[in-house]
Structures are given as structure tokens and as C-alpha cells.
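I'd like to ask you about the structure that follows.
All heavy atoms count here, side chains included; hydrogens, waters and symmetry mates do not. Note on naming: letters A, B, ... go to the chains in the order of the sequence lines (proteins, then strands), and numbering restarts at 1 for each one.
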2 protein chains.
Amino acid sequence: MATFIGNIEAKADVKGRIFIPASYRKQLPEGERERLVMRMDPNNACLILYPEGVWNRKVADFKEKLDEWNSDDQMLLMQFVSDAEWLDIDSQGRVLISKRYLQQIGASQEVLFVGMLDRIALWDKAAYERSRLSSNDFAKRLAEKMMKKSVD
Amino acid sequence: MATFIGNIEAKADVKGRIFIPASYRKQLPEGERERLVMRMDPNNACLILYPEGVWNRKVADFKEKLDEWNSDDQMLLMQFVSDAEWLDIDSQGRVLISKRYLQQIGASQEVLFVGMLDRIALWDKAAYERSRLSSNDFAKRLAEKMMKKSVD
DNA sequence: TTTTTTGTGGGGGAATGTGGGGAATTAAAT
DNA sequence: ATTTAATTCCCCACATTCCCCCACAAAAAA
């Protein structure tokens, strides 16, 4: 499976099109290079891009864990799914992101792709810088989480 | 598993390419000599090079300990992963390191590979000299650390 | 010395990233 | 219904960067 890492700058053009970095596109499985699923992140001002396969697995996971006849569960499902949409990748390797989503993440021009292993986050560049932890905080909290076991 | 030790000088050429010392390359497991993972060290002005296997184990460890649905956890994951990237080793045994990372470690020309057992650190040569502890400090602090274990 | 391995440098072609024109589609306005 | 505007989508044209390849220097081994 693909392992997306790193962060790559990109620019949205006037039409709201954004080039998917080739290094990411190449990691998409054969036959999954036509489109992605995009979803608004509920916690942060960013969009999450899922390869089809990853998205499908996520959906399957939902179906398994959520009860079809439980209305709370269905509300959760609906809300999760409703903030998502398919993104077609054009012949140049770009995706068109609708204005409203770009606005939601505060993206003007400069955006940033950030690898998150099985998926990709898309941030407004400035917003990402702001929400990064200071390296001290980061190191401390990560160490706590990982139980001080050889993380670094 | 490989055990990288020692320190080896090298030069970045005008294009930012750096030769991986043969002695290190030979220690990479068969089938892991095509590429490495590079990551900015959060604490020091150096880059860490991971053999694929070591990196993969680290990632697996993360997935295990961090919760996909916890936003704090995901932020940590993102920050860890975002400063990393794949480095392809070319047919000459070199890696191309992007300008921005070279700048971040203040590397002009002279760099230094420093073995760190399962991984390799890459420093600007001068920067490394500066951040070394004096041998007095070093001996003292090391002694403290190693004493603690058996005492308390 | 000769041969092999290790390290250095650069040229050129393909791939990547950027822009814009203009159908086709949808939505709002007259 | 017709016009106008806005959005979506497909196509082509370029500039730039990257990366593959080859050639060779330098060092080590034979």
C-alpha cells in the first residue's frame, strides 16, 4: 500500500485547480489514478484526500460498526459521508476543488499537500504553519504517546 | 540488522546530490539499496536517514499506538510524517536532497554522515563540530545517564 | 602497473507543473 | 423562453525541473 509522506507546496490556479504532486500520484495503485475521495476534516481546517481503496475500506468499516437501524448511528454515517465528494483527476493530473471547500480551509493560492501514510491532507499553506506545534511541544507529546520507546 | 557507526565526510555537488558512503550502503539489506527515507530531525539541525525496513517498523509502531479518530494523535502523526521524504538512490549511489532541506541544516558543501546504529544522521560538517559536547561534558553526562539505571 | 571500486561532474530528454482558450453544463435574471 | 453569467471540464501549449545516463577522476585492491 502507498505510504504518503512529506509535504509539498502547490498552487491553486484561478479556476481552483490543483496539481496532485507526481510523487503522490505515482504511489496510487494502478487503476486508482482517475479519482480520489475528498473529505472535509472535522477537526482541522484541511481537506483529506483518500485513494479509492482506502476510502472503500473506511466505508466498509463503518458499515460493520454502525447499526443500520440505530438512528444515532445513521446520523453519524450521514454526516461523515455528506462532507465527502469524488474528485476526478484530469489529464494533466489536476483536481478541481470547488470554491466552497477552498474557502472552508481558507485557501487562497498557496496550498500544501501533507502525507499522512494512507491518505493526504490538503492545507492552506499559512494555516498549516499556524497549526503546527512548536518542536518542543511536538517532541514532548509524541514521546508521551509513544511511551518513551525509541521514538525519534 | 545494519549497525551504522563512525562518521564520514562527503560533499554535496552543485545539484545537491550526495554520495552515500559505500561502507554504509553495503550494510543496507539486499533489496533496500534503492532508496531511503529522510527526515528532518526536530531537535537538531540535521537530517536522519532511515533504511526502509527501519522506517516501516517505525510507521507500524505509530499506527498501533495512535488512534485514527483522535485529532491530537493525528496531528502528531502528520507532523512526524510531514518532514520526511523518500530519497531514491541513483545508479551512482547518490541521493538528491532538495534545496530546502539542505538549507535547513545549513549545509553548503561539506557534510558529514554520522552513524546512529540503525539509522544515519546527516550534518553540515561545521554545524556538527559546533554542537558536539566538549569531551568533559560528554563523559560526565553519559556517566550520569548510565549510572541511574542500576541505582534507582 | 593494471584492474576494480568509489566518488564527481555535466548534458539532454522526458516528465512535471502552469497557464489559458473555449465547449458544455448549470444556475440565476430578465 | 432567452439571455447572461458562472462553473465545470476537456484540450493544447509552454517553461522548468528533475532524473537517467555516460564519462571520467581518484582511490583502493590485486
Can you check salt bridge (Lys or Arg N to Asp or Glu O under 4.0 Å) on B/R57 and B/D61, steps first, answer last?
-> CA-CA 6 Å; B/R57 249 167 280 134; B/D61 195 28; over 6 Å; no

Is the ring centre of B/W55 less than 6.0 Å from the ring centre of B/F62?
-> no

Spacing of B/I18 atom CD1 relative to D/dC19 atom C1', expressed in whole Å | 17 Å

Give the rounded distance in Å between these two atoms: CG of B/D13 and P of D/dC21.
-> 18 Å

Whole-Å gap separating P (D/dC9) and CD (A/E85) | 10 Å

On a whole-Å scale, what distance lies between the C1' atoms belonging to C/dG21 and D/dT16?
-> 22 Å

Rounded to whole Å, the NZ-P distance (B/K11 to D/dA27) equals 10 Å

Taking for each residue the nucleotide of DNA chain D with the nearest heavy atom, is it A/D90 or A/I97 whose nucleotide lies nearer the 5' end?
-> A/I97

Got a donor-acceptor contact below 3.5 angstrom from the A/N7 side chain to the B/S82 backbone?
-> yes

If you pin A/K99 and A/R94 to their nearest nucleotides in DNA chain D, which one's is more 5'?
-> A/K99

With a 3.5 Å cut-off and just heavy-atom distances, do the side chain of A/K15 and the base of C/dG21 make a donor-acceptor pair?
-> yes

Whole-Å distance separating the CG atom of B/L96 from the P atom of D/dT17 = 13 Å

In chain order, what residues pass the salt bridge (charged side-chain N to carboxylate O under 4.0 Å, His left out) check against B/E68, with sequence neighbours excluded?
-> A/K58

Is the closest basic N to carboxylate O distance between A/R94 and A/D90 below 4.0 Å?
-> yes

Presence of salt bridge, A/K63 and A/D73, under 4.0 angstrom = no

Polar-atom pairs under 3.5 Å, protein N or O versus N or O of nucleotides 14-17 of chain C: list them with distances, or write none.
residue : atom : partner : partner atom : Å
C/dG17  : OP2  : A/A22   : N            : 2.9

Is the closest basic N to carboxylate O distance between B/D72 and A/R141 below 4.0 Å?
-> yes

Expressed in angstrom and rounded to an integer, what is the separation of B/R17 atom CZ from C/dG9 atom C1'?
-> 7 Å

For the pair made of CD in A/E9 and P in C/dT18, what is the distance, rounded to whole Å?
-> 10 Å

What integer distance in Å separates B/I89:CD1 from C/dT8:C1'?
-> 17 Å

